[in-house]
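Below is one structure, written out as C-alpha cells; the observations come after it.
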Amino acid sequence: MAESVELPSRLGILPFRNKVLLPGAIIRIRCTSPSSVKLVEQELWQREEKGLIGILPVRDAAETATAIGPVLSQDVGSDSGERSSRVHVGASDSHRLDVKNQQENIHWHTRGVAARALHLSRGVEKPSGRVTYIVVLEGLCRFSVQELSTRGTYYTARISPLEMTKAEMEQVEQDPDFMTLSRQFKAAATELISVLEQKQKTEGRTKVLLETVPVHKLADIFVASFEISFEEQLSMLDSVDLKVRLSKATELVDRHLQSIRVAEKITQKVEGQLSKSQKEFLLRQQMRAIKEELGDNDDDEDDVAALERKMQSAGMPSNIWKHAQRELRRLKKMQPQQPGYNSSRVYLELLADLPWQKASEEHELDLKAAKEHLDSDHYGLVKVKQRIIEYLAVRKLKPDARGPVLCFVGPPGVGKTSLASSIAAALGRKFVRISLGGVKDEADIRGHRRTYIGSMPGRLIDGLKRVAVCNPVMLLDEIDKTGSDVRGDPASALLEVLDPEQNNAFNDHYLNVPFDLSKVVFVATANRLQPIPPPLLDRMEVIELPGYTPEEKLKIAMRHLIPRVLEQHGLSSELLQIPEAMVKHVIQRYTREAGVRHLERNLAALARAAAVRVAEQEQAVPLSKDVHRLASPLLENRLADGGEVEMEVIPMAVNNHEISSAFRIASPLVVDEAMLEKVLGPPRFDDREAAERVATPGVSVGLVWTAFGGEVQFVEATAMVGKGELHLTGQLGDVIKESAQIALTWVRARATDLKLAASEGISLLEGRDVHIHFPAGAVPKDGPSAGVTLVTALVSLFSQQRMRADTAMTGEMTLRGLVLPVGGVKDKILAAHRCGVKRVILPQRNLKDLVEVPTAVLANMEILLAKRMEDVLEQAFEGGCPWRQHSKL
Ligand code: ADP
C-alpha cells in the first residue's frame, strides 16, 4: 500500500475517458496511441521506479463550448464551495493530441490521481512496428490541476496535492463525527468482507486490511472494487473531505451488500427447485433402505422386484432367461426418469407376459364329441366338417404331426371364422383371431426393432400375449388381403410362420429372441385364392365354402341365427316369433349374398324392433291395477307351465278387454310382412328385376365372380350416331376391354350371317358409335368370362331382339367364336339361383364343375351347355336363334 508520497509540481497526464482511477486501486492498461506511448516512455519507462503520472478523467462532452484558442485556457470557478477549474481544449490545437480528440470536444475533470507503475512491459506490434506498452498502475493520491499544457504529443499539468498532511490528519481523527463515520464504515466493510468470504469460502486475508490500512484509504480501496457508474466514481474522486468520503463509501458498501443478499436469495430459490428431484430420489433410496431393514417389502412393493418375480415364473428357456436378466440388470441401473427406462420396462413386461410354456391342457380328443360340436354350431357344410374331422383325427393319432394349415376360402358370411373357433372348441384350446386385412407392412407381422421410437411387437406375438397360452388355435383372418409395398412383404413373414420347419424359432424383431410357434394350430381364411402368393398357398390346404342356397340359409336362420339373435337381444321365442315364410322373404327380397351375414343383420334389426315393443309394453301394464292383478297369475302360470297356458286362462276372465291387453305382453310378437316393411324398408330385390332389365333389346344377363361370391350382372349396349368407335364404361379392367373388342369384331364379321346387315361388306358401324356399359358401377370388373354376354348384348342390339329374362350366361369366347370354360361355376350358379334365374348357359367344358353344385339347386335349374357362340345365341333368344338356318357357319 502506498505511503504518502511527495508529488512533483508537474505531472505528465494520461487522460482516462469516462473512467476514474481511485487511490489504492490497481489497474492494467494498454497504451497504443502515440501520445500515451510517448507519455509512458518518457515519464515511466525512462524514470523507472521514480516515475509518476497523473490520471485525469475526461468526459465526452457534446455540449462543450466551442474552441477557445490554441493556448490552453483556464476557467477557474467555484463549485459548491470547493475549488474547481475547467480547461477547454481548442479544436485547432488538437492535431498535436490524440487522434480521437481531433474530432470531438472533450471535457477534462479538474481532479485526478497520481499513479505509479507497478509493472511495465513494452511490445512491438507486427508488421507495423508500432510500439505499445502494457502498464499496471497503482493509484496513489488525489491532486488538483492548476494548469494544463502540452509537452510534445502529450499533456502535462501543473498540480497541487489534495491529501492532508499528517498533522491535519491527526486533528481530523479526533473529530467525533469522523469517529462515528469511520466506525460505521468499518462495520459495513467488515460485514461485506465476511459475506464475501462466506461465499467464496476463503478466510482472513481481506480482514487484515481493515486493521492495517487507514480508514480514509480503505474507503477508496473498497469503492474502487465496486462496479459503479462514472458519475459516482467522479464524486468519490471529488470527495476530498474525509467525512464526505467516508459517508459516501459507507453508502456504497451498504448498497453492495444489499445487492449481494438479493442475488443470494434468488440463487437459493432456484437451487431449491433444481434439487427437488434429486432430493426425491435420495428420499426414495432411503425409504427403500428403511423398508429393507424392516423386512417390509410386501405392501407397495417395488415394481421392478415384482417384474423380476413375474419373469422368473414365466418359464423362459434358459438362453432367453439370460438375455432377460441382462436387460433387467440394465433397467435396475437406470433412473425412472431416464429416457430408455420405460421402453426397457415395457419390453421386459412383454417377456414376462409371453406364454413361453403355459399351455391349455390338452384332453383326450373325442372325435364323436367334436363332430357333434361342429354339427351343433353349423348347419350343412358336410364336406367341410368331414375334412375338419379328418384333420382332428390325425392330430389325435399323432399330436405333434405337422399337418398342413387349413385355409377356408369363400365369400363373406359363410362361416369361415366360426368354423375356426369351433375347431378350437373341439380341441379344447383357446382361440385367437389375427386380422391381416390391409396389412402392408412386414413389421405388422414381425414387429419393429426396438431402436425405433414407438416400436411394438408384431401381431402374432401380440396375439399370443393376449391369449396367454402357447398352444392356441390362431386364426389368420383374411390372409388374401395382405399386400406388399416398400415396407416389405408381410406374406414372406407369414411363410416363416406357417412353415413347420422354421416356426419353432420365430423371430420377432421387437422381441429379438426366438419364440416357438410350433404348438400353435394355425387356421387361415380368405375370400379369394388368386391374391394369395403361391408359396404361401402351397403351405395351406384350401377348403372352399361356396355359399349357401336359399334353402340352406333358411335352415341356418331357423336353427342357428334366430335363437342366437333372440338371445343377444334379451328376447325369447315367447316374445318374438319369426315364421319361416318371413325368413324366406328376408332371404329373397332383402338379401342377395352368398353367406348369411346380411341375413343375420336383418334378423337382428327385427329383434331390436321387437325389443322396443316388448320393453314399452312391460312398462305400460302396471299402469292399470286391475290388469296388473289379472296379469300376474297369468304370467306365473306361464312361467310354470311353458307356452300352453293361454287357453286355460281365458275362461277366468271377467273383462275381455282387460284380458286381451294383458295378453299383449304374454303373447309373442309375430313378424309379418307389414313389420318387415316397417323395420327393413321396402324390399330391395325381386325376381322381376331381370325381366325389367332385359325388356329392351341390347341388354344381356351375365354371371360374374367377385370377392363376395358369384353375382348376376347385366351388360347394356347401345348405338348412336358417331364415327364407328367403341365406348366402354363401368370400372373395367384391361381383359374385359379386350373381350368387348373381340365381341364387336365377331358380331361385325358375322353380320350378314346373323342377318344383322343386308349384305356382306356393309359395316354395322357405318356412321354409328357403340357404347357398352357394365352397370353396378362401384364393383371393379375384369376377366374374360363376360365374352358370351357381350356378344349376346350386341346381337340383341343390332337385331332389336330381346334376350330371355329367365336366362343368364357365362363363358369366354375366342375370336373365331369358340366358347371356352371359365372359373367359379359353382358360385355363379348359386348366384343365378339366388336371383331366380331358371336357365344358365355354360361352356360345354364346364360340365365337370356341375358336380360341386348342390343337387337341390340343379334340380330347379336348366343348365344349357354351349360349344360355340351360335349355341349360346340359340339359347339366349326366345324361339332360338332365328338366323341360324340362314347362316353358313
Ligand atoms: P366369415 O368368417 O366366413 O365371413 P362368419 O364365420 O363370421 O363368416 O359367419 C357369419 C355368421 O354366420 C356367424 O354368426 C356364423 O355363426 C353364421 N354362420 C355361417 N355359416 C353357418 C352355418 N353353416 N351354420 C350356422 N351358422 C352359420
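As the structure is a computational prediction, the values presented were derived from the model and not from experiment.
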inquiry  = Less than 4.5 Å apart, side chain to side chain, heavy atoms only: is that true for I829 and L850?
reply    = yes
request  = Determine which pairs satisfy salt bridge (charged side-chain N to carboxylate O under 4.0 Å, His left out) with at least one residue from residues 700-710, sequence neighbours left out, and list them in order.
outcome  = none
task = Could you tell me the separation between the CG atom of N507 and the CG atom of L517, rounded to the nearest 0.5 Å?
result = 10.5 Å
inquiry  = Which heavy atom of C835 sits nearest to which heavy atom of V712, and what is that distance?
reply    = SG-CG2, 3.7 Å
ask   = Can you name the nearest heavy-atom pair linking V405 to A524, along with the distance?
value = CG1-N, 4.4 Å
key: For E812, all residues meeting salt bridge (Lys or Arg N to Asp or Glu O under 4.0 Å), sequence neighbours excluded   = none
key: Pair T525, D477: side-chain N/O donor-acceptor within cut-off below 3.5 Å   = yes
Expected list for residues 840-848: side-chain donor-acceptor pairs under 3.5 angstrom, two or more places apart:
residue : atom : partner : partner atom : Å
N846    : OD1  : V822    : N            : 2.9
N846    : ND2  : V822    : O            : 2.8
N846    : ND2  : D849    : OD2          : 2.6

message = If you count every heavy atom of other residues, nucleotides or ligands that lies below 6.0 Å from M456 atom CE, does the total exceed 12?
response = no
request  = Sort out for me which residue in T789, T729, V704, L790 forms a side chain to side chain contact (heavy atoms under 4.5 Å, CB included) with F774.
outcome  = L790
query = Can you find a heavy atom in the side chain of V432 that is under 4.5 Å from one in the side chain of L464?
reply = no
query = Can you find a pair of side-chain heavy atoms, one from Y548 and one from L554, that are under 4.5 Å apart?
reply = no
inquiry  = Between N319 and H323, does the side-chain contact (heavy atoms from CB on, under 4.5 Å) criterion hold? Intermediate values first, please.
reply    = CA-CA 6 Å; N319 55 338; H323 166 84; over 6 Å; no
ask   = Restricting to pairs with a member in residues 546-557, which pass salt bridge (charged side-chain N to carboxylate O under 4.0 Å, His left out), not counting sequence neighbours?
value = none
query = Considering all heavy atoms of both residues, which atom of F431 and which atom of A424 are nearest to each other, and what is their separation?
reply = CB-CB, 3.8 Å
request  = State whether the number of non-hydrogen atoms from other residues, nucleotides or ligands found under 6.0 Å of K371 atom NZ is greater than 12.
outcome  = no
request  = Indicate the atoms forming the closest heavy-atom contact of D827 with P546, along with that distance.
outcome  = OD1-O, 2.9 Å
message = So P457 and K465, do their side chains get closer than 4.5 Å, heavy atoms only?
response = no
key: Least distance between heavy atoms, S422 atom then D377 atom   = OG-OD2, 2.9 Å
inquiry  = Please enumerate all residues that pass ring-ring contact (aromatic ring centres under 6.0 Å, His included) together with W356, with sequence neighbours excluded.
reply    = F515
message = Using the rule given for side-chain contact (heavy atoms from CB on, under 4.5 Å), can you reason through I543 versus L419, listing the C-alpha separation, both sets of side-chain angles and the distance that settles it, and then say yes or no?
response = CA-CA 11 Å; I543 298 179; L419 273 174; over 6 Å; no
query = Should we say atom CG of L397 is surrounded by more than 12 heavy atoms from elsewhere, each under 6.0 Å from it?
reply = yes
inquiry  = Other residues, nucleotides and ligands only: do more than 12 of their heavy atoms fall within 6.0 Å of CD on Q530?
reply    = yes
query = Can D480 and R528 be counted as an ion pair, charged N to O under 4.0 angstrom?
reply = no
remark   = Distance col, row Q568:CD vs L561:CG, nearest 0.5 angstrom, shows 9.5 Å
ask   = Side chains of L436 and L494: closer than 4.5 Å at any heavy-atom pair?
value = yes
ask   = Does R459 reach the main-chain N or O of S435 with its side chain, forming a donor-acceptor pair under 3.5 Å?
value = yes
inquiry  = Has K828 got a side-chain atom pairing as donor or acceptor with G823's backbone, closer than 3.5 angstrom?
reply    = yes
task = Scan residues 813-823 for pairs that pass salt bridge (charged side-chain N to carboxylate O under 4.0 Å, His left out), counting only residues two or more places apart or in two chains.
result = none
request  = With the side chain counted from C-beta on, respond yes when V513 and L351 share a heavy-atom pair under 4.5 Å apart, and no when they do not.
outcome  = yes
remark   = Smallest heavy-atom separation, G415 atom then H378 atom, equals O-NE2, 4.1 Å
task = Could you tell me which residues satisfy ring-ring contact (aromatic ring centres under 6.0 Å, His included) with Y379, sequence neighbours excluded, listed by chain and number?
result = none
task = May I have the step-by-step check of side-chain contact (heavy atoms from CB on, under 4.5 Å) for I388 and L374, ending in yes or no?
result = CA-CA 9 Å; I388 293 175; L374 280 176; 3.7 Å; yes
key: Flag, side chain of R395 to backbone of Y391, donor-acceptor distance under 3.5 Å   = no
ask   = Do the side chain of N527 and the main chain of G410 share a donor and acceptor less than 3.5 angstrom apart?
value = yes
ask   = Do the non-hydrogen side-chain atoms of V520 and L460 ever get within less than 4.5 Å of each other?
value = no
key: For P550, the option from N860, V857, I587, L830 that meets side chain to side chain contact (heavy atoms under 4.5 Å, CB included)   = I587
task = Kindly indicate, with the supporting measurements, whether the criterion side-chain contact (heavy atoms from CB on, under 4.5 Å) is fulfilled by M869 and V788.
result = CA-CA 7 Å; M869 192 58 226; V788 295; 3.8 Å; yes
remark   = Between the CG atom in D734 and the OG atom in S739, the distance rounded to the nearest 0.5 Å is 10.5 Å
key: salt bridge (Lys or Arg N to Asp or Glu O under 4.0 Å) involving D366 - partner list, sequence neighbours excluded   = none
query = ring pair (Phe, Tyr, Trp, His ring centres under 6.0 Å): which pairs involve residues 489-510, sequence neighbours left out?
reply = Y347-Y510
note = Across all chains, not counting sequence neighbours, the side-chain hydrogen bond (donor to acceptor under 3.5 Å, both in side chains) partners of H560 are none
key: Straight-line distance of L599 CG to R592 CZ, nearest 0.5 Å   = 14.5 Å
Pairs touching residues 379-390 that satisfy salt bridge (charged side-chain N to carboxylate O under 4.0 Å, His left out), sequence neighbours left out = D375-K385, R387-E390, R387-E541
Listed pairs under 3.5 Å, donor-acceptor, residues 469-476 side chains, sequence neighbours left out:
residue : atom : partner : partner atom : Å
N471    : OD1  : S360    : N            : 2.9
N471    : OD1  : S360    : OG           : 3.1
N471    : ND2  : S360    : O            : 3.1

query = Are the side chains of E593 and P411 in touch, meaning some heavy atoms are under 4.5 Å apart?
reply = no
message = Nearest 0.5 Å, please: how far is CD in Q741 from CG in L728?
response = 7.5 Å
task = Can you measure from CD (Q875) to OG1 (T807) and round to the nearest 0.5 angstrom?
result = 8.0 Å
